[in-house]
Amino acid sequence: MASRLQQRFAELDKPSEITDEEEIWALIRLALVLLRIILFITIIVVSELMESYTIYNLSMALWSIIIGVPLFVLLSMAIIFGDRVIKNQQPSAVESTVLRPIRERL
């Protein structure tokens, strides 16, 4: 048990290999995911509780769907787009003759 704790503390002392951009995106992504969850819950609550109220001859339940679903899709697209951008910025593994023995060296 003590050796496992020492091993975990030693792993905490190692420097992180995550870049600043990846850390920033992780925080932004977390905020977008939480906002998406809150939006989903809000759509359900508004559509259930405010069905009797109308604006421009449409009920609030319908307005919550009209506004909420496109916002949900936009948040999802932002998360996917950000993941792709961060993934493309990561340097690929350096190829060597050991990894690709048939290819010629440049």
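Bear in mind that the values here come from a model prediction, so they are computed numbers and not experimental data. Residue numbers run from 1 in the order of the sequence given.
Rounding to the nearest 0.5 angstrom, the gap separating the CD atom in E22 from the CZ atom in R29 is 13.0 Å. In this structure, CD1 in I44 is found 11.5 Å from CG in L49, a value given to the nearest 0.5 Å. If you take CD on Q7 and CG on L5, they are separated by 10.0 Å, rounding to the nearest 0.5 Å. A distance of 12.0 Å separates CD1 of I65 from CE of M60, quoted to the nearest 0.5 Å. For the atom pair S64 OG and L58 CG, the distance stands at 11.0 Å (nearest 0.5 Å).
Judged purely by atom type and a 3.5 angstrom limit, W63 uses its side chain to pair as donor or acceptor with the backbone of I55.
Under the 4.5 Å side-chain heavy-atom criterion for Ile, Leu, Val, Met, Phe, Trp and Tyr, I41 and L35 are members of the same hydrophobic cluster. Linking Ile, Leu, Val, Met, Phe, Trp and Tyr whenever their side-chain heavy atoms come within less than 4.5 Å puts V45 and I37 in one cluster. Linking Ile, Leu, Val, Met, Phe, Trp and Tyr residues whenever their side-chain heavy atoms come within less than 4.5 Å leaves I28 and L30 in two separate clusters. I67 and M50 fall within a single hydrophobic cluster, where Ile, Leu, Val, Met, Phe, Trp and Tyr side chains are chained together by heavy-atom contacts under 4.5 Å. Note: the hydrophobic cluster containing I24 does not contain L34 (ILVMFWY, side chain heavy atoms under 4.5 Å, direct or indirect links).
Residues S47 and A61 share a closest heavy-atom pair of O-CB, 3.4 Å. Shortest non-hydrogen contact noted between E21 and I86 is O-CD1, 4.0 Å. Pairing each heavy atom of I79 with each of L32, the nearest pair is CG1-CB, 3.8 Å.
Ring orientation note: the planes of F40 and F72 are tilted relative to one another, at an angle of 30° to 60°.
The number of heavy-atom neighbours closer than 6.0 Å to CD of E23, taken from other residues, nucleotides and ligands shown, is above 12.
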